[in-house]
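The structure under discussion appears below in the form of structure tokens.
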Amino acid sequence: CHVGQHLWLDDHLSHRILRVLRWRVGKQWVMMDGKGQCAIVTVMAIRDKQVGIEVMEIQQIPQPSAHIAVAVPICSRQTMAQLFDQGTQMGCQAFYPTMYAHSRSTGQHKNIDAKSQQRWQTILEHAAEQSEQAWLPGLAAPMDLETLCTQTTTMQKIELGFTEPMSPSTLHTLLEQPVLLCLGPEGGLTQEESAHIRAQGGQCLRLRGGILRVETALVAALATLQAS
């Protein structure tokens, strides 16, 4: 699109604007394409339940300097929805749904069906819109840990543990390259899984406090990484 262009929105977005948000002619807001382009638009007309807008200004937002991706454990639908939502709001650039040993032993892998990928993608889009993230995170297909490590060889892997805390300088150095936060499931990583991550050059990040729920651990780990 370009400045000054007039567009009619599709039925889905028009319905949301008119029936959910209840915006009217003159309302101005920011639309994002998920690839860094942000357009400031104004509602100019409402006709036959469709919304017409005018593009007032276009901005290109650069990608964040620190690339942080998350290996999300396959777990309950509710918890995974929270992980995708919170991770997107905090600026994660990619998600890798990962099948760990405890995901299988607890039967959580049965929550994956043909509609899972689309459901997760919708959560990312809504979370990005709500938090005004200019870049929509990437979403990989579910995979096991071995496949994850094979597909992310260029990323610095980080797991959570109880080792000595990293110094701020060490954290800063790690974030000079793309980082993959290997977030374990409820019950944690097995010794074999932890050893596999370490064999790929993985580092251990210690969080304050005791054992955290997986959704709490994600927020705490991202806050720690981003603060450095």
Side-chain angles (χ1 to χ4, degrees), residues 63-75 79-80 82-106 108-109 112 117 120 124 135-228:
Q63 285 186 303
S65 56
H67 182 99
I68 302 176
V70 180
V72 176
I74 301 296
C75 50
T79 299
M80 291 194 73
Q82 288 181 298
L83 294 173
F84 287 129
D85 179 79
Q86 293 172 342
T88 299
Q89 291 190 51
M90 295 194 68
C92 285
Q93 272 100 1
F95 293 95
Y96 295 84
T98 305
M99 186 73 67
Y100 293 104
H102 282 130
S103 300
R104 294 191 181 90
S105 65
T106 57
Q108 301 289 4
H109 63 289
I112 306 301
Q117 199 78 6
W120 297 338
L124 299 187
W135 290 87
L136 185 67
L139 176 63
M143 64 188 73
D144 57 26
L145 180 60
E146 184 174 353
T147 303
L148 172 72
C149 291
T150 300
Q151 292 190 8
T152 58
T153 54
T154 61
M155 304 180 75
Q156 172 63 58
K157 296 167 184 63
I158 296 178
E159 64 169 312
L160 304 182
F162 296 96
T163 60
E164 288 300 313
M166 290 185 191
S167 66
S169 60
T170 300
L171 277 173
H172 182 75
T173 300
L174 288 178
L175 291 174
E176 291 179 352
Q177 58 186 313
V179 166
L180 177 64
L181 177 62
C182 298
L183 190 66
E186 298 288 350
L189 301 173
T190 64
Q191 291 184 350
E192 291 77 12
E193 288 171 335
S194 182
H196 190 71
I197 293 172
R198 297 293 184 89
Q200 308 296 316
Q203 300 285 330
C204 188
L205 175 66
R206 178 180 179 180
L207 301 177
R208 294 182 178 180
I211 297 176
L212 304 176
R213 297 181 67 88
V214 62
E215 55 269 37
T216 307
L218 172 63
V219 174
L222 290 175
T224 299
L225 293 172
Q226 291 171 345
S228 62

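- At a threshold of 4.5 Å between non-hydrogen side-chain atoms, the residues Ile197 and Cys204 do not count as touching.
- In this structure a side-chain-to-backbone donor-acceptor pair under 3.5 Å is present from Gln226 to Met90.
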* Asked: Should Ile68 and Leu175 be marked as a side chain to side chain contact (heavy atoms under 4.5 Å, CB included) after you check the CA-CA gap, both sets of side-chain angles, and the distance that decides it?
  -> CA-CA 8 Å; Ile68 302 176; Leu175 291 174; 4.2 Å; yes

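- More than 12 heavy atoms of other residues, nucleotides or ligands sit less than 6.0 Å from atom CD of Glu176.
- By the 4.5 Å heavy-atom criterion applied to side chains, Gln93 and Trp135 are not counted as neighbours.
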* To do: Decide yes or no on side chain to side chain contact (heavy atoms under 4.5 Å, CB included) for Leu83 and Leu183, but give the supporting numbers first.
  => CA-CA 10 Å; Leu83 294 173; Leu183 190 66; 4.0 Å; yes

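- Between Leu160 and Leu181 there is a side-chain heavy-atom pair separated by less than 4.5 Å.
- Taking the six-membered ring for Trp and thresholds of 30 and 60 degrees, Phe95 and Phe84 have ring planes more than 60 degrees apart, a perpendicular arrangement.
- For the side chain to side chain contact (heavy atoms under 4.5 Å, CB included) test with Leu180, the passing option among Leu148, Val70, Ile158 is Leu148; the others fail.
- Two residues are said to be in side-chain contact when any heavy atoms from C-beta on lie closer than 4.5 Å; Val72 and Val214 fail this criterion.
- Using a 4.5 Å cut-off on side-chain heavy atoms (C-beta onward), Lys157 and Cys149 make contact.
- No side-chain heavy atom of Cys75 sits under 4.5 Å from any side-chain heavy atom of Glu186.
- Looking at heavy atoms from C-beta onward, Arg198 lies in side-chain contact with Glu159 at the 4.5 angstrom threshold.
- Counting only distance, with no hydrogens or angles, the side chain of Ser103 and the backbone of Ile74 share a donor-acceptor pair below 3.5 Å.
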